[in-house]
Number of protein chains: 2
Amino acid sequence: MSEVADFPPSGSDPAMARRIQSRVTSFDVAALAGVSQSAVSRAFTPGSSIAEAKRQRILEAARRLNYVPNSIASSLTTKRTNIVAVILGNLANPFYVEVLRTFIARLQAQGRQILTFTVDNGADSDEAILRVLRYQVDGVILTSAQLSTRMTSICHDRGIPIVLFNRYIPGSDASGVRCDNTGGGRLMAEAFLAAGARSFAMIKGDPKGTTSQDRVRGFTERLIEAGIARADIGEIEGQSTYDGAFNAVLGAYRRKPERLPDAIFGINDIMAMGAMDALRQRMGLKIPDDVMIGGFDDIPESRRHPYQLTTVRQPVGLMVDEALSILHLDEPAQPIEMGIDRQVPGRLIWRSTIPTPTASSED
Amino acid sequence: MSEVADFPPSGSDPAMARRIQSRVTSFDVAALAGVSQSAVSRAFTPGSSIAEAKRQRILEAARRLNYVPNSIASSLTTKRTNIVAVILGNLANPFYVEVLRTFIARLQAQGRQILTFTVDNGADSDEAILRVLRYQVDGVILTSAQLSTRMTSICHDRGIPIVLFNRYIPGSDASGVRCDNTGGGRLMAEAFLAAGARSFAMIKGDPKGTTSQDRVRGFTERLIEAGIARADIGEIEGQSTYDGAFNAVLGAYRRKPERLPDAIFGINDIMAMGAMDALRQRMGLKIPDDVMIGGFDDIPESRRHPYQLTTVRQPVGLMVDEALSILHLDEPAQPIEMGIDRQVPGRLIWRSTIPTPTASSED
DNA sequence: GCAACATTTGAATGCGTATTCACTAAAAAT
DNA sequence: ATTTTTAGTGAATACGCATTCAAATGTTGC
């Protein structure tokens, strides 16, 4: 049926059939344009000394040859890759998707590339860091928890800055940016108190995550200060996911509805949403009439109709900007800043899972 | 209060204060181990000819120096970077988050790195491709729509394979993998018909996206075959987001509830969810009693309680595997396969937004 | 018209590794 | 015991570009 030459034409070189052709290099462009290789390099390096007319001639030659500079080769001499590594723990949580989106948007706008890694929740990031090191990235963003101090010092020795995002390592001098999670926990406690709650529960996430710990601590502290008895502050453990919270709530209250508190603080929005669905759809409860719910993060889903979750917003854009500024990508000669721990405050967003004491103030 | 030397010890070189130190190279390791640089290179290259005892000695020396091979340098000689670029259009749609997760998981397990790009929806990917080319990636996954044929041929010339994911370019010989969107549209039409619907609407997404077009086409074709009049098959346009669908539905029916059809097909799950919330929360309708709803993708959110969306599942894992197999990352010497268009069938997942004609068959 | 200066230019070199090539030592085959 | 094979090794080189250095060209001021 089909003849030999039935491959669709691709409109390109006839010599393309084999893979790994001799690539077009700056020498080829130089030859075509009648200049030296140095000139070609200069034509593609902004701010270098080259006559405009010559640059144009070179660019034209490059265009004709479909020449694209080889960043790998140039990285070898400049010792800059323009690559930033982003190591993520948990893309199942929309908050971290938002974080990733923001990092990508910012870095891409700066002309940098993003090397993305995921690390199983709770697993340690050492292997990812090692891989990152091989690629000589200009900086590392780490949103995943575990990181050995050995790794931080190796990175430091090699001059690669790391920023912990919404994490910190107690006793380490690794720099980081985070939301004021403790303060945010306090905000949520105050919101519940203002709405008249007297008994409470928290759905905690990963017990090793500082994020969860801090929110729990701030929340608890504030309640104690307000005179709430420890006995009236319950804790539920669950996987840090929608399903984890859903099941944890069912496990805790389905058989003992009498233990249900006035208010439940989901340590992040996705868990608060899981809790809400369990309480409403499986236990037939009304929110906030039967139980109040609070979350943390303010992911886009939280404002959607089924949830309308009252939550603490993390200013992601700001946090990302802070993180990137700590990296000092533009001044690689600067010594790495260590021991920085920038905290940005969260903000309570009133929606409808906690009755508003006075007037609503959504946004 | 604090003395000069109050920096926490980092357990590393004392010479670490300055950035851009002379890096540790294979020559340093060679010197310490008393071998040649070639030997060091071989020690880190699996399958190369080196005595096991010597390799161990080298590895030990490397460990003592915290030596990590420089992949940038090695890429220059091997012409392989072990980097795959993933270009994404829309991380606001959880489906593509799932796709990204899957690619990362697979590639990371193979020891490859992922360079992530996002392209504004509808914008063209040429700039991203150009950046990708500079980094000499081993392959490109493209989930975003627009791609000039000039770019595909440039990639082809340079021996860089591209796979379109859930997209195709009519008239191009670019390879791709996609769900059988047309067939999926038909499945949904059949589900609605079986449930007794006689009037329909579709909420279309990006009009330029082949994904949306194909689903619309399959859905419509099947309905026509079943004898439904064109007048009973409506179309609503909206941004391909939750809010887009939410607003589109409100705009179409809020003032004219009499125009509401028996069944609405959201071209993807996130839009179907937006539609559901608009219909239920804003228009007080019951689903599926007042309107049936169908989606497409089967994102994790679809099975959650507020939605329980009947939808067409895309087998993401399978599609990702197919995409990677087309890339032939393990046989770079092979000529690039062009013109491949693998389609994998979707599968209808019955949940509760369409009344089940007989018995339910959720998973 | 010439000195003093600023701007362009190309040859040569280095970045850190993989690989080729020629060679040695050890093992196997004769 | 000698030849043939095999495994192991180091010196040298290439990969594609940025950058340094010295030379060449162009510009300005007097």
Side-chain angles (χ1 to χ4, degrees), chain A residues 20-58 61-62 65-82 133-138 158-160 332-333, chain B residues 20-58 61-62 65-83 133-138 158-159 332-333:
Chain A
I20 305 187
Q21 310 75 339
S22 58
R23 295 136 106 114
V24 179
T25 74
S26 53
F27 281 94
D28 301 321
V29 177
L32 179 59
V35 298
S36 71
Q37 179 268 329
S38 326
V40 177
S41 172
R42 289 189 182 106
F44 281 93
T45 307
S48 59
S49 170
I50 187 173
E52 189 52 30
K54 177 170 286 198
R55 146 172 276 147
Q56 288 309 328
R57 196 145 45 91
I58 292 171
L65 294 176
N66 278 336
Y67 169 76
V68 177
N70 181 333
S71 292
I72 297 294
S74 86
S75 294
L76 197 55
T77 60
T78 60
K79 298 177 188 314
R80 299 285 293 173
T81 52
N82 279 317
L133 284 177
R134 291 187 171 216
Y135 281 86
Q136 316 291 115
V137 300
D138 294 343
R158 310 193 107 215
I160 298 180
Chain B
I20 305 190
Q21 309 75 343
S22 60
R23 297 138 101 116
V24 179
T25 73
S26 53
F27 282 95
D28 301 320
V29 177
L32 179 61
V35 298
S36 71
Q37 179 268 332
S38 326
V40 178
S41 171
R42 289 197 257 260
F44 282 92
T45 307
S48 59
S49 170
I50 186 174
E52 188 53 29
K54 176 169 285 195
R55 145 172 276 150
Q56 289 306 328
R57 196 147 44 91
I58 292 171
L65 295 176
N66 278 336
Y67 168 76
V68 176
N70 182 333
S71 293
I72 296 295
S74 88
S75 294
L76 195 57
T77 60
T78 60
K79 299 181 187 311
R80 297 287 291 172
T81 52
N82 278 318
I83 297 178
L133 284 177
R134 292 189 169 214
Y135 282 85
Q136 317 289 117
V137 300
D138 294 344
R158 309 193 108 216

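The sequence lines fix the lettering, A, B, ..., with proteins before strands; numbering per chain opens at 1. Not measured: the values here are computed from a predicted model.
- A straight line from CG of Leu76(B) to P of dA18(D) spans 12 Å, rounded to a whole angstrom.
- Taking 4.5 Å as the limit, some side-chain heavy atom of Thr81(A) sits within range of a side-chain heavy atom of Ile72(B).
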What protein N or O atoms touch nucleotides 4-7 of chain D N or O atoms at under 3.5 angstrom, if any, and at what distances?
none

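- Put simply, chain B comes within 4.0 Å of DNA chain C, heavy atom to any atom, from dG16(C) to dT20(C), going 5' to 3'.
- In this structure a side-chain-to-backbone donor-acceptor pair under 3.5 Å is missing from Arg42(B) to Ser48(B).
- Separation of atoms OG (Ser71(B)) and CD1 (Ile83(B)) is listed at 8.0 Å; rounding is to 0.5 Å.
- A close approach under 4.0 Å does occur between a side-chain nitrogen or oxygen of Lys54(B) and OP1 or OP2 of dG10(D).
- Less than 4.0 Å separates DNA chain C from no heavy atom of any residue of residues 66-75 of chain A.
- Aromatic ring centroids of Tyr135(B) and Tyr135(A) lie 6.0 Å or more apart.
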- From CA spacing to verdict: side chain to side chain contact (heavy atoms under 4.5 Å, CB included), Leu76(B), Leu76(A): CA-CA 9 Å; Leu76(B) 195 57; Leu76(A) 197 55; 3.3 Å; yes
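- No side-chain heavy atom of Gln136(B) sits less than 4.5 Å from a side-chain heavy atom of Arg80(B).
- If you check dG16(D), dG10(D), dT19(D) against the side chain of Thr78(A), the one that comes closest is dT19(D).
- Between the side chain of Ser36(B) and the backbone N or O of Ala39(B), at least one donor-acceptor pair lies under 3.5 Å.
- Side-chain atoms of Ser38(B) and base atoms of dA11(D) include a donor and an acceptor less than 3.5 Å apart.
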- Going through the distances and angles, do Asp138(A) and Ile160(A) end up as a side chain to side chain contact (heavy atoms under 4.5 Å, CB included)? CA-CA 6 Å; Asp138(A) 294 343; Ile160(A) 298 180; over 6 Å; no
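- For the atom pair CG (Asn70(B)) and OG (Ser26(B)), the distance works out to 9.5 Å, reported to the nearest 0.5 Å.
- Within the model, atoms CD1 of Ile50(A) and CD1 of Ile58(A) stand 4.0 Å from one another, a figure rounded to the nearest 0.5 Å.
- Between Ser41(A) and Arg42(B), the one whose closest nucleotide on DNA chain D sits nearer the 5' end is Arg42(B).
- Between Phe27(A) and Ala51(A), the residue anchored nearer the 5' end of DNA chain C, judged by the nucleotide with its closest heavy atom, is Ala51(A).
- Note: Tyr67(A) and Phe44(A) meet the aromatic proximity criterion, with ring centroids under 6.0 Å apart.
- Between the P atom of dG16(D) and the CZ atom of Phe44(A) lies a distance of 16 Å, rounded to the nearest Å.
- In this structure, CD of Gln37(B) is placed 11 Å from C1' of dT13(D), rounded to the nearest angstrom.
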